[in-house]
There are 2 protein chains.
Amino acid sequence: MTKERNLYIKKLKFIFIIHMGRELYKFNQYLNESGLRATRQRGIIAKTFFEAGPHISVEELYHQVVEKDRRIGLVTVYRTLKLLRGAGLAQGRQFGDNHTRYEKTPGDSHHDHLICTRCGRILEFENDTIEGLQRKVAEEVGFAVLDHKLELYGICKECRSRGKKAGRKAPPTLS
Amino acid sequence: MTKERNLYIKKLKFIFIIHMGRELYKFNQYLNESGLRATRQRGIIAKTFFEAGPHISVEELYHQVVEKDRRIGLVTVYRTLKLLRGAGLAQGRQFGDNHTRYEKTPGDSHHDHLICTRCGRILEFENDTIEGLQRKVAEEVGFAVLDHKLELYGICKECRSRGKKAGRKAPPTLS
DNA sequence: GTGAATATGAAATTCATTTTCAATTAAATC
DNA sequence: GATTTAATTGAAAATGAATTTCATATTCAC
Ligand SMILES: [Mn+2]
Ligand SMILES: [Mn+2]
Ligand SMILES: [Zn+2]
Ligand SMILES: [Zn+2]
């Protein structure tokens, strides 16, 4: 049991350590290793983030955080998300709208996205054949691929069967 | 010879009509059909855009435009690019950096991009197999794809052979 | 040419995100 | 537990790309 973990127990009264997921623990570890401090705010924000659905926007996360602690500011949410990125625990993504969305770094494999431009729904998919072809294309021009982004924009199953009626969310604008 | 074309001749003294590409002519057509006006500014901005390299940023285009006519404002460049998009003649794209880049709508086929995060170079590629697989993936979840975006980020051939030396442009930040 | 409608550019505004800074807090050391 | 100091916080200000406003200028149908 590490020093950091003990500190957390002392501060947050045991219950917390029982429920602290691996990700939250890793975040704590990262903070310590980096000489950063494990603050109440960071704990709440990270915990909320890890328990939230995928592709949460900063604003959405902020709203959920504020429900737990009214005093936490939006700035600290931004700052903590940046730390989570630094820790390799979160990834920021920009879909069509003008809001960065965050998701937990997927355990092993990479995935891409299908975005419904009518209702905003985001589906994930994985396709190794595509990934392989991407690598091949890059190789052909001498490119060393470090990262990639594949997004399919269109109308989801639900929206299609619902016909032309308006969806639930604002549709993102494509440039 | 349409009315619009004649007007252009009258205004810009024949030379222009000779050199007016199909795209510029189409833009004129679009303006007319839409009840919009073919102004000096729009002409200069569109012509500059069509003659510029691919993936030009708004700021870059603005600089080139200002060299031809110092009085043209950045706002008008933004507005004209929006019109060109509306006419289907230009497409806006966001690569890693925080600047929208524009390119002429490609004649027929779709292409995707390889972006060097070290020097900013942007290469284009086309791969029908990937496109086909995308459609297949989408079908499987009942998604009707309207558009897609595939970007490969990495280090280009030139930057790789140049070793670890700094490149020419500012590297875009990945989220 | 005239006039109504559209376009322009400067300045103001928006909106996501970042920076600044005085006050607060974590945590190492006593 | 108290002391100390460097990191953190949140409010407010700043940033920067893109848009809107609005008074003036221009287009173009008549
Ligand atoms: Mn995802
Ligand atoms: Mn291109
Ligand atoms: Zn939908
Ligand atoms: Zn390069």
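Because the structure is predicted, anything quoted here is derived from the model rather than measured. By convention in this document, chain letters (A, B, ...) are assigned in the order of the sequence lines, proteins followed by strands, and residues within each chain are numbered from 1.
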Going 5' to 3' through nucleotides 8-17 of chain D, assign each nucleotide B (protein heavy atom under 4.0 Å from a base atom), S (under 4.0 Å only from sugar-phosphate atoms) or - (no protein heavy atom that close). SBBB-----S

Once you build an axis from the first five pairs and another from the last five of the helix from C:dG1-D:dC30 to C:dC30-D:dG1, how far apart in angle are they, to 10 degrees?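 Inter-axis angle at the termini of the helix from C:dG1-D:dC30 to C:dC30-D:dG1: 30°.
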
Would you say NZ of A:K136 has more than 12 non-hydrogen atoms from neighbouring residues, nucleotides or ligands within 6.0 angstrom? no

More than 12 heavy atoms from other groups under 6.0 Å of NZ on A:K26: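 No.
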
Rounded to the nearest Å, what distance is computed from the [atom1] atom of residue [X] to the [atom2] atom of nucleotide [N]?
X	N	atom1	atom2	answer
A:Y62	C:dT17	OH	C1'	14 Å
B:N28	D:dT27	CG	P	13 Å
B:I44	D:dT26	CD1	C1'	14 Å
A:D97	D:dA18	CG	P	15 Å

Fellow cluster residues of A:L152, listed by chain then number, with links counted only when side-chain atoms sit under 4.5 Å apart: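 ILVMFWY cluster around A:L152 also holds A:L114, A:L123, A:F125, A:I130, A:L133, A:V137, A:V141, A:F143, A:V145, A:L150, B:L114, B:L123, B:F125, B:I130, B:L133, B:V137, B:V141, B:F143, B:V145, B:L150, B:L152.
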
B:T105 and B:Q91: side-chain donor and acceptor closer than 3.5 Å?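 There is no such pair (donor and acceptor under 3.5 Å, judged by atom type) between the side chains of B:T105 and B:Q91.
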
Side-chain donor-acceptor contact under 3.5 Å, A:H111 with A:E124: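 The answer is yes; a qualifying pair exists.
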
Using ring centroids (six-membered ring only for Trp), state whether B:Y153 and A:H148 fall under 6.0 Å.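 No, ring centres 6.0 Å or more apart.
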
So that I know where these two stand, are A:H113 and A:F95 an aromatic pair - ring centroids less than 6.0 Å apart? yes

Please confirm whether the shortest side-chain N or O distance from B:K82 to OP1 or OP2 of D:dT19 is below 4.0 Å. yes

Pairing of A:E151 and A:R93 as salt bridge, 4.0 angstrom limit: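 No salt bridge links A:E151 with A:R93.
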
